[in-house]
Amino acid sequence: MKILLVTQYFHPENFRISDIAKSLHKEEEYEISVFTGMPNYPKGKFYRGYGFLGPFYEEFEGIKIYRFPHLPREKSLLGLVLNYLSFSLLACVFIFRLLFKSYDLVFCNCQSPIFVALSAVLYKKIKRVPLILWVQDLWPESLSSTLGVENKFLLFPLKQLVGFIYKMSDHILVTSEGFISKINELTGGSVATECWPQWGEDIFLEKCERVEGVFDYTSVNITFAGNLGVVQDFETIFEAIIGLKEINGIVWNFFGDGKRRQWMEEIVRKESLEKSVVIHGQKPLSKMPCILQSSDLLLVSLRSDNLFSLTVPAKLQAYMASGRPILASIDGEGAEVVARAGCGLISKASSSEDLIIQVKKFLSLSLSERSEMGARGRNYFCRNYKKEILLSKLKDIFNDVKKL
């Protein structure tokens with residue numbers, strides 16, 4: 001089966017879509033080609049060797065990659081907007097270079113913004129081939145949740161455009177069950193929509209020795225790993241940290257980087273939290289499995305918001321695979337996953353009072369109770385988020401859609 005993969009991000013940018021393409025292309029029955037732009041994520045500058053003058057064709061582990069020029073994302077909101085617009089518009093122009101090639105199916109990786117799918121819709125209509133969308137973010141809801149955009153005169157036409165894109169597809173995959181009802185509102189249920197979550201990396205299943213020089217093992221180590229951004233609601237987390245300040249023996253460890261790191265460091269100094277908070281910065285992926293497995297409790301958080309309540313944070317899979325208990329300061333779908341797995345404690349999103357209660361509850365658990373909680377998370381991961389399970393399901397979907 002010849003598949004055209006349309007995506008804004010691809011190797012050498014570090015996104016799971018590259019792994020999906022590699023895994024499929026290794027199978028004898030699949031031949032993958034990729035239509036994408038010039039790599040520039042996350043620094044906002046073109047990678048060395050790429051630019052407006054190409055290269056417009058290359059190969060990656062046998063996969064044919066067709067690239068086109070567009071504006072890089074830069075480091076400003078304006079630069080990001082121009083990057084999104086130029087990519088979406090120019091993709092609709094340069095997709096015509098592929099009209100002389102034949103594919104059995106188009107698979108579009110729809111990260112923000114979804115308008116990357118316009119070129120895939122155009123190709124589908126001209127060549128009359130099935131189109132599958134993999135939707136990982138809801139638009140225009142994400143504009144309201146992440147940027148605070150509430151202008152109805154802007155959101156209404158965007159919603160109509162998103163609805164048009166959905167209706168032009170033959171099958172829609174989403175990363176969270178909570179997305180399905182929102183998409184059905186725009187399609188009227190006319191397009192088959194199902195959950196196909198991102199898989200977790202097997203590296204987190206590998207048993208590790210306890211890391212040295214990172215944690216104080218005389219303390220209870222609570223670990224947050226990932227983006228230190230706005231939506232992770234560090235205001236609530238630090239309110240809880242301050243509220244638990246009088247309890248000795250708790251250390252909150254933060255691994256990662258992001259917009260809120262400087263604010264976090266200032267709060268640590270202002271509130272004299274140096275003994276109870278350590279901001280480690282980013283660590284290589286290869287070191288993270290041992291760091292997670294050496295922790296006592298793994299923290300995941302999202303602020304209270306209608307969109308975020310429909311989301312399952314991707315880090316949950318790595319946390320589960322690590323076999324450690326989880327403290328989930330989230331609402332909705334993500335909290336339901338933790339509850340179904342029985343792998344952690346759940347706090348209402350944006351409630352520091354509830355977060356304090358759940359931390360105290362964890363401290364009261366025996367070591368065996370904590371161990372059992374972590375084991376349930378690992379078992380849930382192995383049943384639901386392993387690569388081979390989800391890849392097999394994706395291949396079944398491809399075969400079913402091709403028959404339409």
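Residue indices begin at 1 and follow the sequence shown. Treat the numbers as computed from the prediction; the structure is a model and nothing was measured.
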What pair of heavy atoms forms the shortest contact from Tyr319 to Ala225, and how long is it? OH-N, 3.1 Å
Closest contact, heavy atoms only, Gln8 versus Thr36: O-OG1, 3.5 Å
Value rounded to 0.5 Å, distance of CG in Leu78 from CG in Leu82: 4.5 Å
Interatomic distance, Lys361 atom NZ to Ser347 atom OG [nearest 0.5 angstrom]: 11.5 Å
Applying the ring pair (Phe, Tyr, Trp, His ring centres under 6.0 Å) test to Trp134, which of Phe15, Phe179, Trp196 qualifies? Trp196
Could you go step by step and tell me if Phe215 and Arg210 meet the side-chain contact (heavy atoms from CB on, under 4.5 Å) rule? CA-CA 9 Å; Phe215 296 129; Arg210 193 168 75 170; over 6 Å; no
Working note: Val121 + Leu131, criterion side-chain contact (heavy atoms from CB on, under 4.5 Å); need CA distance, chi angles, decisive distance, verdict. CA-CA 7 Å; Val121 169; Leu131 168 62; 3.8 Å; yes
Heavy-atom closest pair, residues Gly256 and Leu228: O-CD1, 3.5 Å
Sidechain-backbone polar pair: Glu369 side chain, Ser366 backbone, donor-acceptor under 3.5 Å: yes
Distance-minimising heavy-atom pair for Cys110 and Val116: CA-CG1, 4.4 Å
Keeping the roles fixed (side chain from Tyr47, backbone from Tyr41), state whether a donor-acceptor pair exists under 3.5 Å. yes
Which heavy atom in Val211 sits nearest to a heavy atom in Tyr217, and how many Å separate them? O-OH, 2.5 Å
Is the backbone of Asp354 close enough, under 3.5 Å, to the side chain of Ser351 for a donor and an acceptor to pair up by distance? yes
CD1 on Ile326 to NZ on Lys315, rounded to 0.5 Å: 11.0 Å
Hey, do the aromatic rings of Trp199 and Phe381 have their centres closer than 6.0 Å? no
In this structure, CG of Leu133 is separated from CG of Asp170 (nearest 0.5 Å) by 9.0 Å
So with a 6.0 Å cut-off around CZ of Phe164, is the heavy-atom count from everything else above 12? no
What is the ring orientation for His11 with Phe60, classed by angle as parallel under 30°, tilted 30 to 60°, or perpendicular over 60°? parallel
Gap between atom CD of Glu209 and atom SG of Cys290 - 0.5 Å precision: 8.0 Å
Check for me whether the distance between the ring centres of Phe87 and Phe68 falls short of 6.0 Å. yes
Worked verdict on Arg260 versus Glu235 for salt bridge (Lys or Arg N to Asp or Glu O under 4.0 Å): CA-CA 10 Å; Arg260 299 299 280 166; Glu235 291 83 358; 2.4 Å; yes
Count the heavy atoms belonging to other residues, nucleotides or ligands that lie under 6.0 Å from CG of Asn14, then report whether that count exceeds 12. no
For Asn253 and Ile222: C-alpha separation, side-chain torsions, deciding distance, then whether side-chain contact (heavy atoms from CB on, under 4.5 Å) applies. CA-CA 6 Å; Asn253 298 273; Ile222 302 175; 5.9 Å; no
Using modelled atom types only, decide if a donor and an acceptor are shared between the side chain of His70 and the backbone of Met38 within a distance under 3.5 Å. yes
Determine whether Thr236 and Asp233 satisfy the following criterion, side chain to side chain donor-acceptor pair (under 3.5 Å), listing intermediate values before the conclusion. CA-CA 6 Å; Thr236 294; Asp233 195 10; 2.8 Å; yes
Are any of the side-chain nitrogens in Arg269 or Glu274 under 4.0 Å away from the carboxylate oxygens of its partner? no
With a 3.5 Å distance limit and no angle check, can you tell me whether Gln293 reaches the backbone of Cys208 through a side-chain donor-acceptor pair? yes
Hey, could you give me the CD1/CD1 distance between Ile3 and Ile132, rounded to the nearest 0.5 Å? 7.5 Å
Do the side chain of Lys245 and the main chain of Glu271 share a donor and acceptor less than 3.5 angstrom apart? yes
Classify the ring geometry between Phe234 and Phe254 as parallel (under 30°), tilted (30 to 60°) or perpendicular (over 60°). perpendicular
Looking at Gln111, is its backbone amide N or carbonyl O close enough to the side chain of Asp137 to form a donor-acceptor pair, meaning the two atoms are under 3.5 Å apart? no
Would you indicate whether Lys64, at its atom NZ, is surrounded by more than 12 heavy atoms from other residues, nucleotides or ligands within a distance under 6.0 Å? no
Please say whether more than 12 non-hydrogen atoms of neighbouring residues, nucleotides or ligands are located less than 6.0 Å from NZ in Lys127. yes
Would you check, one step at a time, whether the test salt bridge (Lys or Arg N to Asp or Glu O under 4.0 Å) holds for Glu74 with Lys45? CA-CA 6 Å; Glu74 300 294 343; Lys45 301 290 185 182; 3.1 Å; yes
Step by step, would you call Asn109 with Thr7 a side chain to side chain donor-acceptor pair (under 3.5 Å)? CA-CA 5 Å; Asn109 177 44; Thr7 177; 3.0 Å; yes
Any sub-3.5 Å donor-acceptor pair from His25's side-chain atoms to Ile32's backbone N or O? yes
Is it the case that the ring center of Phe52 lies less than 6.0 angstrom away from the ring center of Phe46? yes
Atom NZ of Lys348: over 12 foreign heavy atoms under 6.0 Å: no
Would you find a donor on one side and an acceptor on the other, under 3.5 Å apart, between the side chain of Ser371 and the backbone of Leu367? no
Does atom NZ (Lys159) have a neighbourhood of more than 12 heavy atoms from anything else shown, all under 6.0 Å? no
Kindly indicate, with the supporting measurements, whether the criterion side-chain contact (heavy atoms from CB on, under 4.5 Å) is fulfilled by Thr311 and Glu333. CA-CA 6 Å; Thr311 302; Glu333 184 71 18; over 6 Å; no
What verdict does the side chain to side chain donor-acceptor pair (under 3.5 Å) test give for Lys387 and Ser23, after you've listed the backbone C-alpha separation in whole Å, the side-chain angles of each residue and the deciding distance to 0.1 Å? CA-CA 10 Å; Lys387 178 179 178 179; Ser23 298; 3.0 Å; yes
Report yes or no: does Ser309 contribute a side-chain atom to a donor-acceptor pair with the main-chain N or O of Asn306 at less than 3.5 Å? yes
Could you walk me through whether Asp216 and Ser219 pass side chain to side chain donor-acceptor pair (under 3.5 Å), step by step? CA-CA 6 Å; Asp216 172 10; Ser219 303; 3.2 Å; yes
Criterion side-chain hydrogen bond (donor to acceptor under 3.5 Å, both in side chains) against Thr223, the qualifying member of Ser294, Ser322, Ser295: Ser295
Tell me if the CD atom of Gln262 is crowded by more than 12 foreign heavy atoms within 6.0 Å. no
Could you tell me whether the side chain of Leu71 reaches within less than 4.5 Å of the side chain of Tyr84, counting heavy atoms only? no
Cation-pi check, Arg340 to Tyr380: give yes when NZ or CZ is under 6.0 Å from the six-membered ring centre and within 45° of the ring axis, no otherwise. no
Qualifying residue for ring pair (Phe, Tyr, Trp, His ring centres under 6.0 Å) with Tyr66, from Phe35, Phe94, Tyr57: Tyr57
Closest approach of Gly334 to Leu316 (non-hydrogen atoms, all atoms of both residues): O-CD1, 3.9 Å
For Tyr385 and Glu201, test the side chains for any donor-to-acceptor distance below 3.5 angstrom and give the result as yes or no. no
